[in-house]
Amino acid sequence: MRALSGIKPTGPLHLGNYFGAMKQHLELQAAHEGFYFIANYHSLTTVKDADYLRQLTRDVAIDYLTMGLDPQRVHLFRQSDVPEVTELTWILATVTGKGLLDRATTYKDFVAKEIVPNMGVYCYPLLMAADILIYRSDVVPVGKDQLQHIEFTQDMAGFFNQTFRPVFKRPEARLNNAPVVPGIDGQKMSKSYGNTIELIGDAKAVKKKIMSIKTDSTPVEDPKNPETCSVFALLKLLAEPEEIAEWEQRYRKGGTGYGTAKQRLFELYEQHFGCRRATRAQWAARPDDVEDILRSAGRRARAVAQELMAEVRDACGIVRATE
RNA sequence: AGGAGCGUAGCUCAAUUUGGCAGAGCAGCUGAUUCCAAAUCAGCAGGUUGGGGGUUCGAGUCCCUCCGCUCCUGCCA
């Protein structure tokens, strides 16, 4: 089974990215042939600084390797090392009705916020469908918010197959039960809210962020509701089951302050992520090795894509000089 | 290619009419407070007013020019 996933670099990775996607990616590598790409073409819809995009692309690779991605088991590559996806994007565009893209939630969000979207934002679902279809993926692990994109992909595969002949395999979404990760202000952790805790951040900076997580004003001695507390939600993600149960009790019983819970949360952060600073530094110090990993995975992915594209072109009548 | 509008702090905008010290709110940072936060209070920082040129004692404001964005018209693979 081939599992495909894209990671769109738009900023330094944070705990929301980790628990929302990265963790599942790392778990899946045991059982599936993984194709994980760094979606730098997608980033270009919002990131407009060349040096920054280069840095983000590199950092995502380093973060995945640091967190235990095994380049022997997973093909970790840059989206742009398979330029055929952009060609497939165009071909899919020619069989896809405009109405479908009008209904895309990402696009509608832009319109609702009265932000003038560029065509990349509008065509995003086409590129994403191309990403998925071009590797004949069986399984696409996604969060709930990505489900629409997978449905669109199935639709587009159908449009093409119907118009020409069956070339594309219908990919299946695998809904992961990714938890909602609250940011330090209590909203969903997201770069655009500026409420993130970095995946592998400076200890002092992370501590400060953790201490500033928004809580209610229940006094120390009173019972507290773990259900509504961001600190508890994060503890739940990092602690062992026994400790989680213990904290739940302490919350409900009262007598424990949020400050104490935050201290513990920081300790757990250090155990899980802080301890990998050295590993990350090692990867960062070996840019050539990282480049080799990306490049050779990109070559393997491209070979798959080129094979499919030959079939696509043949099906729709696009003639090209053979290479 | 033509017409119209717009461009001021990270964001939303004011000051343009009548040329006269570039400002506010939000966000940010520091401190007080707090179990930790929030709120509140005190403080700090934030700018080539899209670029260049001109007029003027003095330009965010007036003139010229270039750039960018939005809408419309035209043309086009």
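Residue numbers start from 1 in every chain, and the chains themselves are labelled A, B, ... in the order their sequence lines are given, proteins ahead of strands.
Aromatic ring pairs are classed by plane angle as parallel below 30°, tilted from 30° to 60° and perpendicular above 60°; the pair A:Tyr135 and A:Phe77 is perpendicular.
Nucleotides B:G25 and B:U33 have their C1' atoms positioned 25 Å apart, rounded to a whole Å. For B:A14 and B:U56, the P atoms lie 31 Å apart once the distance is rounded to whole Å. B:U61 and B:U49 have their P atoms separated by 10 Å, with the value rounded to a whole Å. B:A4 and B:A42 have their P atoms separated by 50 Å, given to the nearest Å. Distance check on atom C1': B:U16 versus B:C63 gives 15 Å, rounded to whole Å. Taking atom P on both nucleotides, B:G74 is separated from B:G2 by 16 Å, rounded to a whole Å. Comparing the C1' positions of B:C21 and B:U30 gives a spacing of 28 Å, expressed to the nearest Å.
Between the side chain of A:Gln154 and the backbone N or O of A:Pro171 there is at least one donor-acceptor pair closer than 3.5 Å. Of the possible donor and acceptor atoms, none in the side chain of A:Asp289 sits under 3.5 Å from a partner among the backbone N and O of A:Trp283.
Both the sub-6.0 Å distance and the 45° axial angle are satisfied by A:Lys224 relative to the ring of A:Tyr258.
Rounded to the nearest 0.5 Å, atoms CD1 (A:Ile150) and CD (A:Glu172) are 10.0 Å apart.
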With B for base contact, S for sugar-phosphate-only contact and - for none (protein heavy atoms under 4.0 Å), nucleotides 33-43 of chain B reads --BBB------
Steps toward side-chain hydrogen bond (donor to acceptor under 3.5 Å, both in side chains) verdict (A:Asp131, A:His42)
CA-CA 10 Å; A:Asp131 285 325; A:His42 282 291; 2.9 Å; yes
State the dot-bracket string of RNA chain B. Criteria: Watson-Crick or G-U wobble, both atom distances under 3.5 angstrom; notation: ( ) intrastrand, [ ] crossing earlier pairs, | interstrand, . unpaired.
(((((((..((((......[..)))).(((((.......))))).....(((((..]....))))))))))))....
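Side-chain contact between A:Asn225 and A:Phe232: absent, with no pair of heavy atoms (C-beta onward) separated by less than 4.5 Å. Considering only heavy atoms from C-beta on, A:Pro223 stays 4.5 Å or farther from A:Lys253 through its side chain.
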